[in-house]
Amino acid sequence: MTIRVVIVDDQAMVRAGFAALLSAQADIDVVGEAPDGRQGVQVSRSTHPDVVLMDVRMPEMDGLTAAREILYPPPGVVHRPKVLMLTTFDIDDYVYEALRAGASGFLLKDAPPADLIAAVRVVASGEALLAPSVTRRLIADFVQQRPAPRKDPALRLNGLTPRETEVLELIARGLSNQEIAGHLVLAEQTVKTHIGRVLAKLDLRDRAQAVIFAYEAGLVRPGDSA
């Protein structure tokens, strides 16, 4: 199955470079490009990509606003692609807000080409791109700088079983499914089942939102380690 990608970035050379790199992959097809967030939303609505590579800082409409419009479309728009944020900054307030809005992760623009290709595949498969330690640091830093916006997350934890709560905590600490399985002495498939139930019970889109939720609910705090 071919992964359909739209690239949204205000730098033409960046768009061209990413398009050439991704189009060279047998399983990836670049179906559209846009120089700003407003046009990025339009292109995404017309081409129905699987993944949108979205720059953070752009004229007309920034990447955060565009990501929100794509992920929370108006009535009648049913297609919702995954959004992967691109940034030149390893700590960026916009990226944190984009993760809260439902983006599936972020990638630094100067990451190796292989990382970009892998990121598109990971996000397209439904996983969140949270492996780099810089992502966990970004989330921790910004949660630490702000109080939780509401008490609702902590209350919603009550709906989880003790095991599901453990799994959510380990996700937020940055452990992979395999590492969680080893930590809890469970089969990896069992861990995947628990994660699916956690996301369903908490009405979360993916692993990225689960990490944000765990911090805002006070389940884990910046600086905690597994």
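Heavy-atom basis, side chains included; hydrogens, waters and symmetry copies ignored.
The only member of Val5, Thr2, Val6, Ile3 that meets side chain to side chain contact (heavy atoms under 4.5 Å, CB included) when paired with Val31 is Val6.
Summarising the geometry, atom NE2 belonging to His194 is positioned 11.0 Å from atom CD1 belonging to Ile171; distances are rounded to the nearest 0.5 Å. Here Glu188 contributes atom CD and Thr190 contributes atom OG1; the two are 10.0 Å apart, rounded to the nearest 0.5 Å. Interatomic distance, CG of Asp55 versus CE of Met58, reported as 5.5 Å (0.5 Å rounding). One distance of note links CG of Asp36 with CE of Met61; it measures 8.0 Å at 0.5 Å rounding. Note that the CD atom of Glu169 and the CG atom of Leu160 stand 12.0 Å from one another [nearest 0.5 Å]. To the nearest 0.5 Å, atoms CG (Asp110) and OG1 (Thr87) are separated by 9.5 Å.
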Inset, instruction - Any chance you could lay out the salt bridge (charged side-chain N to carboxylate O under 4.0 Å, His left out) test for Arg121 and Asp27, step after step, and finish with the verdict? - result: CA-CA 9 Å; Arg121 290 172 176 154; Asp27 60 336; 2.9 Å; yes

Inset, instruction - Given side chain to side chain contact (heavy atoms under 4.5 Å, CB included), test Val52 with Ile7 step by step and report yes or no. - result: CA-CA 6 Å; Val52 177; Ile7 302 169; over 6 Å; no

Inset, instruction - Evaluate the side chain to side chain contact (heavy atoms under 4.5 Å, CB included) criterion for residues Asp9 and Leu53: first the C-alpha distance (whole Å), next the side-chain angles of each, then the deciding distance (0.1 Å), finally the verdict. - result: CA-CA 8 Å; Asp9 193 291; Leu53 295 179; over 6 Å; no

Legend entry - Derivation and outcome, side chain to side chain contact (heavy atoms under 4.5 Å, CB included), residues Arg163 and Leu184: CA-CA 9 Å; Arg163 178 62 84 190; Leu184 298 178; 3.4 Å; yes

Inset, instruction - Give the C-alpha distance, both sets of side-chain angles, the deciding distance and a yes or no for side chain to side chain contact (heavy atoms under 4.5 Å, CB included) between Leu168 and Ile195. - result: CA-CA 7 Å; Leu168 175 59; Ile195 292 173; over 6 Å; no

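Nearest heavy-atom pair, Glu33 versus Val43, reported as atom, atom and distance to 0.1 Å: O-CG2, 3.7 Å. Between Ser44 and Pro49, the closest heavy-atom pair is O-CD, 3.2 Å. The nearest pair of heavy atoms linking Met54 to Ala66 is CE-CB, 3.6 Å. Nearest heavy atom pair, residue Phe18 against residue Lys109, reads CZ-O, 4.3 Å. Nearest heavy atom pair, residue Leu84 against residue Val120, reads CD2-N, 4.4 Å. What you find for Thr47 and Arg4 is that their closest heavy atoms are O-NH2, 2.5 Å.
Between Met85 and Val83, the closest side-chain pair of non-hydrogen atoms falls below 4.5 Å. Residues Val56 and Leu86 fail the side-chain proximity criterion, which asks for heavy atoms closer than 4.5 Å. A heavy-atom distance below 4.5 Å is not found between the side chains of Pro73 and His79. Leu107 is listed as a side-chain neighbour of Leu116, based on a closest heavy-atom distance under 4.5 Å. Side-chain contact between Leu170 and His183 is present, with at least one heavy-atom pair separated by less than 4.5 Å. Proximity of Arg45 to Glu69: side-chain heavy atoms (C-beta onward) are separated by under 4.5 Å at one or more points. For the pair Thr161 and Lys201, the minimum side-chain heavy-atom distance is below 4.5 Å.
With hydrogens and angles ignored, the 3.5 Å screen pairs no side-chain donor or acceptor of Gln25 with any backbone N or O of Leu22. For Ser23 (side chain) and Ala20 (main-chain N/O), no donor-acceptor pair under 3.5 Å exists by modelled atom type.
Under a hydrophobic-cluster definition in which Ile, Leu, Val, Met, Phe, Trp and Tyr are linked whenever side-chain heavy atoms come within less than 4.5 Å, directly or via other members, Val77 and Leu71 are assigned to different clusters.
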